[in-house]
Trainee: 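Dropping a structure here in structure tokens format, bear with me for questions.
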Amino acid sequence: QVQLVESGGGLVQPGGSLRLSCAASRFTLDNYAIGWFRQAPGKEREGISCISSSDGGAVYADSMEGRFTISRDNAKNTVYLQMHSLKPDDTGVYYCASADGSGCPKWGEYRTWGQGTQVTVSL
């Protein structure tokens, strides 16, 4: 039903920036809220941010400390995650996921996931 593909990951030095993309197919992203998550090695998956399809509002996990910004481009059917001031602890696999409605749900209530893109923050 829904297909999501993440891209933009890679190796970046501490303090650097990176922009991740989440491209959607088989649905129009403006009908669904989209969230970004990450999973570090040996740790549980955690939510980063979500953008609503209804009013464009965004929510962020407190731990992001204002370093991450979520946005969307409806014409490209893509949601982005702009990351700044990256730290080694930001290393992990980053996923995007769609909710089943227009508003951002709880972190555990997203229904469809991409395959993830690796982000490595290291010298």
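Just so it is clear, the structure is predicted and the values come from calculations on it, not from any experiment. Computed from heavy atoms alone, side chains included, the values below leave out hydrogens, waters and symmetry copies.
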Trainee: In Å, rounded to the nearest 0.5 Å, how long is the span from CG of N77 to CG of L4?
Mentor: 9.5 Å

Trainee: Return the minimal non-hydrogen interatomic distance between G92 and P41, and the atom names on each side.
Mentor: CA-CD, 4.5 Å

Trainee: Measure from the side-chain N and O atoms of D73 to the backbone N and O of T78, and report whether any donor-acceptor pair falls under 3.5 Å.
Mentor: no

Trainee: If only side-chain N and O atoms count, and only distance matters, is there a donor-acceptor pair under 3.5 Å linking Q3 with S25?
Mentor: yes

Trainee: With F68, which of H84, Q82, M83 fulfils side chain to side chain contact (heavy atoms under 4.5 Å, CB included)?
Mentor: M83

Trainee: Out of curiosity, S85 OG to R67 CZ, how far, rounded to the nearest 0.5 Å?
Mentor: 7.0 Å

Trainee: Under 4.5 Å between any side-chain heavy atoms of T69 and L81, yes or no?
Mentor: no

Trainee: Say whether, by atom type as modelled, one donor and one acceptor occur between the side chain of S102 and the main chain of Y32 under 3.5 angstrom.
Mentor: no

Trainee: Using ring centroids (six-membered ring only for Trp), state whether F37 and W113 fall under 6.0 Å.
Mentor: yes

Trainee: Can you check side chain to side chain donor-acceptor pair (under 3.5 Å) on R19 and Y80, steps first, answer last?
Mentor: CA-CA 7 Å; R19 189 182 73 165; Y80 303 96; 4.7 Å; no

Trainee: Do Q13 and V121 come within less than 4.5 Å of each other through their side chains, counting heavy atoms only?
Mentor: no

Trainee: Can a donor-acceptor pair be found, under 3.5 Å and without considering hydrogens, that links the side chain of Q39 to the backbone of E44?
Mentor: no

Trainee: So among L11, L86, V12, which one has a side chain to side chain contact (heavy atoms under 4.5 Å, CB included) with S122?
Mentor: L11

Trainee: Side-chain contact, heavy-atom cut-off 4.5 Å: S21 with K76?
Mentor: no

Trainee: Under a 4.5 Å cut-off applied to non-hydrogen side-chain atoms, are Y110 and S98 in contact?
Mentor: no

Trainee: Taking the side chain as every heavy atom from C-beta outward, state whether W107 and R45 have any pair of such atoms under 4.5 Å apart.
Mentor: no

Trainee: Would you say that I51 contacts C104 through its side chain, given a criterion of any heavy-atom pair below 4.5 Å between the two side chains?
Mentor: no

Trainee: Please answer whether the main-chain N or O of K87 pairs with a side-chain N or O of D90 as donor and acceptor at a distance below 3.5 Å.
Mentor: yes

Trainee: Would you find a donor on one side and an acceptor on the other, under 3.5 Å apart, between the side chain of R72 and the backbone of S52?
Mentor: yes

Trainee: Grab the two heavy atoms, one from S63 and one from E46, that are nearest each other, plus how far apart they are.
Mentor: OG-OE1, 4.2 Å

Trainee: Would you check if Q115 and V93 make a side-chain contact, meaning some heavy-atom pair closer than 4.5 Å?
Mentor: no

Trainee: Judged by atom type as modelled, is there a donor-acceptor pair below 3.5 Å linking the side chain of T91 to the main-chain atoms of D89?
Mentor: no

Trainee: Just by modelled atom types, is the I70 backbone N or O under 3.5 Å from a matching donor or acceptor in the Y60 side chain?
Mentor: yes

Trainee: Is there a chain of hydrophobic side chains (I, L, V, M, F, W, Y, each step under 4.5 Å between heavy atoms) that links M64 to W36?
Mentor: yes

Trainee: Between Y94 and I48, is a side chain to side chain contact (heavy atoms under 4.5 Å, CB included) present by the stated rule, with each step listed?
Mentor: CA-CA 9 Å; Y94 284 67; I48 299 170; 3.4 Å; yes

